[in-house]
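Worth knowing before you read on, the calculation uses all heavy atoms, side chains too, and leaves out hydrogens, waters and symmetry mates.
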Amino acid sequence: MAIDFRHFLTFVLLVCLLAACKTKVDNSDKMIFHYNESSGIQTLDPAYASGQAVIWPCNQLFNGLVDLDDSLRIVPAIAKSWTISDDGRVYTFTLRDDVTFHNTESFPFKEKRYVTAQDFVYSFSRILDPDVASPGAWIFQKVKRDKQGKPVFTALNDTTFQIELTEAFPPFLGILTMKYCSVVPKEVVAHYGKDFRNHPVGTGPFQFQLWQEGVKLVLRKNPDYFEKDENGQRLPYLDAVAVSFIIDKQSVFMEFMKGTLDFMSGVEACYKDALLTKDGKLNPEYKNQIKLLTGPYLNTEYLGFMLKPGDKDNPILDKRVRQAINYGFDREKMMKYLRNNVGYAGEAGFVPKGMPSYCPERTGGYSYNPQKALKLLAEAGYPNGKGLPPISLSVSASYADLCQYIQHELANIGIELKLDVVQGAQQRQMMRNYQLPFFRGSWICDYPDAENYMALFYSKNLQPVGSNYTYYVNPAFDRLYEASQRSYDEDKRTEYYIQMDSMLVADAPVVVLYYDKVVRFTRANVSGLGTNPVNMLNLKRVKIKKVKIIQIINLCVH
C-alpha cells in the first residue's frame, strides 16, 4: 500500500507538537477560567470582604439571602421570598431547603449539611462580634438589640429567618446583597478559628481547592450548587477558577495577550493605548482575539469644596465662584485625551450613570461654557478673575494629570488653581478633619441605592458621625432626604433623589469630573461574562470554548 509522505509527515508533526503541549491537551476537556489579582488576596473569609480583591473570590465561594442581577435588581439567592412589615422594621425571609455547604477535603461532612435559618443567625451575629472585628459591622447598625444587647436575628424555624430594625430603612435589602452577609457554617468556623480565612466553606458555585498565598488560588466547581439555568442544567458551567498574583501590570498584560489569562479588568497606563483607541473602542487589530466589555460603574469622581462657615472672604463660599469653576473646563475633551473615554463626562448630578435616579434631563448639570463662567465671576466681584485669590486644590499623584488639565483650562478664564499633591492616606485624613478647602474625592457605592450618594450631603452626617466631607448644610435637602427614607415606594424615592441631586447641581458643593466605567477584556473564546454597575465578577454562567487542535499547533510553533 502506498503511503502519502506529506500526510505521514503531517501526522508525525502533529503527534510531536501535541506531546510538546501535553498540558494543553490534558486540560482540553476542562473549562478553567484564569484571572490575575495584582493586589493580592488577604483573606477568603466573607466577614472581611472589603475591597474588590477579596469580594471577587468570596462571590464564587459564598451566597447570602439575596443577590443583585446585572441591572441592580434585588433577586432571590438562598432566600426564595421575603416580606417587609408595614412599618418597614421587620424583614421575614423564607429560605430554600435544598442549599448545602461545600463538602471539602479539609472538612468533609459525614452527610449533606443543609443551610438553615440558624446559620444566618450565627453568620450575621458574627459580623457584629467585637472579637471578629469585621469591617462590615456598620451594615447592621440599624438592627434592633434585645435587653442583653444582642441583635434581633431570629430563626422562627429551619426555613424562616427574621430581622428587626430600630427604624425603617429602605436601602436595607440592598445592603443584604453585600458579601459580608454570606452564610457560613458555625462548626467549620469554630474548628479553624482565624484560619477560616484560608479554609473557607460556603455554598457558592465554586468551592475551595488550593491557595498558595501570593502564587495561586484554585477554586473548583461545586457539584451540588443549587442554581440551574433556564434549561435545567446545574450551574456553574466552568470546571474551575484559577487566580494568579502577578504584581507587575505590564507582565499581566503580556500574559493576557499570550492567552495564559482569560480575563483582564480595568485599564492601566502601560497598555491603555495599545488596546484602546482615543474614543475608548477596542483597537481593531485585536478584534479576532479579544472582546471588550464596558458599562456604567457606580463610582463618581469629583472635586469637593469645603463649605464650613468661617472666613467670609473665602471665595469658594460664594456659590457663583463654584459654579464658574464647574463651567470652566471641557469634561468631554478631558475624558477623550486623558482617559481614552474610560468613563462618562460628569455633566449631570452627583448620582452616577447606572443608577435609576441618574436623570440629566431633570437634575441639570455643567458642560463647558467659558462665557457663562466669566459672567458668574463678574457677578461675584471678580471680573475676568481679577481680585480672585489663588485656590488650592489637594490631589493625590494618580489624579495629578486630570487636575493639571483643569488648572490649565481655568487659567484661561482668570482662575488660578494651585495643586497641592499629597499622599492619599494623608489627604483622606485631612478631608475628614475639614482641613482641605478644595479636594479630589471619589465615591464608590457601598450598596445599590442612591441614598448612599445623597448621604454625603445630609447635614446629620457631618464628621465625625458620617461622610459629609463638604460640610454641605441645606434644610430643604435634609427634608427630602428624610422623606426618602420613610418611603418603600421605589418610584417616590427615585423622585426624591432626583430633586435632591438637582439641589446639589444648583448649590455646587462639588465639581463632578466623571462617572466611572467598567472595562473588561476577555479572550475571544470566553462567553457569558457581562458587566454590572457594581463591577462584581459573576462566573456562574461563563463558558470557555475549547481550543481547536490547529490553534494548539500554532501556539506551540510560536
Side-chain angles (χ1 to χ4, degrees), residues 27 29-35 37 41 43-47 49 54-69 75-80 95-116 119-120 122-123 159 177-189 191-192 196-212 216-243 262-263 526-529 536-544:
N27 286 332
D29 63 336
K30 301 292 183 183
M31 289 193 293
I32 303 174
F33 185 88
H34 296 81
Y35 80 91
E37 185 50 72
I41 293 173
T43 180
L44 295 172
D45 185 339
V54 176
I55 289 173
W56 278 6
C58 282
N59 193 49
Q60 319 314 321
L61 291 164
F62 299 95
N63 296 104
L65 293 166
V66 288
D67 205 351
L68 290 175
D69 68 10
V75 295
I78 296 178
K80 61 183 181 180
L95 310 185
R96 300 176 64 122
D97 60 5
D98 60 347
V99 180
T100 59
F101 286 111
H102 300 150
N103 199 17
T104 63
E105 293 178 4
S106 58
F107 198 98
F109 294 104
K110 292 181 180 179
E111 55 187 28
K112 285 191 175 183
R113 170 65 164 83
Y114 289 93
V115 174
T116 68
D119 292 313
F120 277 99
Y122 168 74
S123 300
T159 58
T177 66
M178 299 176 74
K179 288 298 111 181
Y180 294 126
C181 301
S182 302
V183 68
V184 296
K186 181 178 181 179
E187 60 268 48
V188 181
V189 177
H191 176 77
Y192 284 112
F196 185 72
R197 65 178 289 278
N198 54 359
H199 292 87
V201 174
T203 61
F206 299 91
Q207 59 190 54
F208 179 75
Q209 178 71 29
L210 168 72
W211 185 18
Q212 292 176 274
K216 180 75 73 175
L217 170 66
V218 179
L219 311 177
R220 63 183 175 88
K221 180 176 185 173
N222 173 10
D224 298 318
Y225 189 57
F226 62 92
E227 287 191 271
K228 297 179 181 179
D229 68 11
E230 297 77 13
N231 299 316
Q233 181 178 346
R234 192 179 296 274
L235 299 174
Y237 303 126
L238 293 170
D239 294 293
V241 177
V243 186
D262 298 299
F263 164 78
V526 174
S527 63
L529 181 69
M536 183 62 77
L537 185 62
N538 294 318
L539 299 178
K540 290 182 294 191
R541 296 177 179 270
V542 169
K543 293 181 180 179
I544 301 177

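Screening Arg220, Arg113, Gln207 for a side chain to side chain contact (heavy atoms under 4.5 Å, CB included) involving His102 leaves a single residue, Gln207.
Nearest heavy atoms, Tyr237 versus Val542: CB-O, 3.5 Å. Across every non-hydrogen atom of Val184 and Pro46, the tightest pair is CG1-CG, 3.8 Å. Scanning both residues, Val201 and Phe62, for their nearest heavy atoms gives O-CE2, 3.4 Å.
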Please report the C-alpha distance between Phe107 and His191 in whole Å, then the side-chain angles of each, then the deciding distance to 0.1 Å, and finally whether the ring pair (Phe, Tyr, Trp, His ring centres under 6.0 Å) criterion is met.
-> CA-CA 9 Å; Phe107 198 98; His191 176 77; 5.4 Å; yes
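In this structure, the side chains of Phe109 and Val188 come closer than 4.5 Å at one or more pairs of heavy atoms. The closest side-chain heavy-atom distance from Val526 to Phe33 is below 4.5 Å. With contacts defined as side-chain heavy-atom distances shorter than 4.5 Å, the pair Tyr192/Pro200 does not qualify. Looking at heavy atoms from C-beta onward, Phe196 lies out of side-chain contact with Thr43 at the 4.5 angstrom threshold. Between Val243 and Pro57 there is no side-chain heavy-atom pair separated by less than 4.5 Å.
A side-chain donor-acceptor contact under 3.5 Å links Asp229 to the backbone of Asn231. Listed for the Asp119 side chain is a donor-acceptor partner under 3.5 Å among the backbone atoms of Thr116. Listed for the Asn59 side chain is a donor-acceptor partner under 3.5 Å among the backbone atoms of Leu537. Between the side chain of Asp67 and the main chain of Val75, no donor-acceptor pair closer than 3.5 Å is present.
From Thr100, atom OG1 reaches atom NZ of Lys112 across 6.0 Å, with rounding to the nearest 0.5 Å. Distance check: Arg234 CZ to Asp224 CG gives 6.5 Å after rounding to the nearest 0.5 Å. Distance check: Phe263 CZ to Leu539 CG gives 8.0 Å after rounding to the nearest 0.5 Å. Interatomic distance, Ile544 CD1 to Leu529 CG, rounded to the nearest 0.5 Å: 10.0 Å. If you take CE on Met536 and NZ on Lys179, they are separated by 5.5 Å, rounding to the nearest 0.5 Å. How far CG of Leu217 is from CG of Leu210: 7.5 Å, rounded to the nearest 0.5 Å.
Relative ring orientation between Phe208 and His199 is described as tilted, the plane-to-plane angle lying within the 30° to 60° band.
Listed by chain and residue number, Asn63, Ile78, Val99, Phe101, Val115, Val183 satisfy the side chain to side chain contact (heavy atoms under 4.5 Å, CB included) test with Thr203 (two or more places apart in sequence, or in another chain). Listed by chain and number, the residues in a ring pair (Phe, Tyr, Trp, His ring centres under 6.0 Å) with His34 amount to none (sequence neighbours excluded). Shown here are the salt bridge (Lys or Arg N to Asp or Glu O under 4.0 Å) partners of Asp98, two or more places apart in sequence or in another chain: Arg96. Residues passing the side chain to side chain contact (heavy atoms under 4.5 Å, CB included) test with Pro205 are Tyr225, Pro236, Lys540, sequence neighbours excluded. Partners of Lys186 under the side chain to side chain contact (heavy atoms under 4.5 Å, CB included) rule, at least two apart in sequence or in another chain, are Tyr122. With sequence neighbours excluded, no residue satisfies side-chain hydrogen bond (donor to acceptor under 3.5 Å, both in side chains) with Ser182.
Taking the charged nitrogens against the carboxylate oxygens, Glu230 and Arg541 do have a contact shorter than 4.0 Å, which makes a salt bridge.
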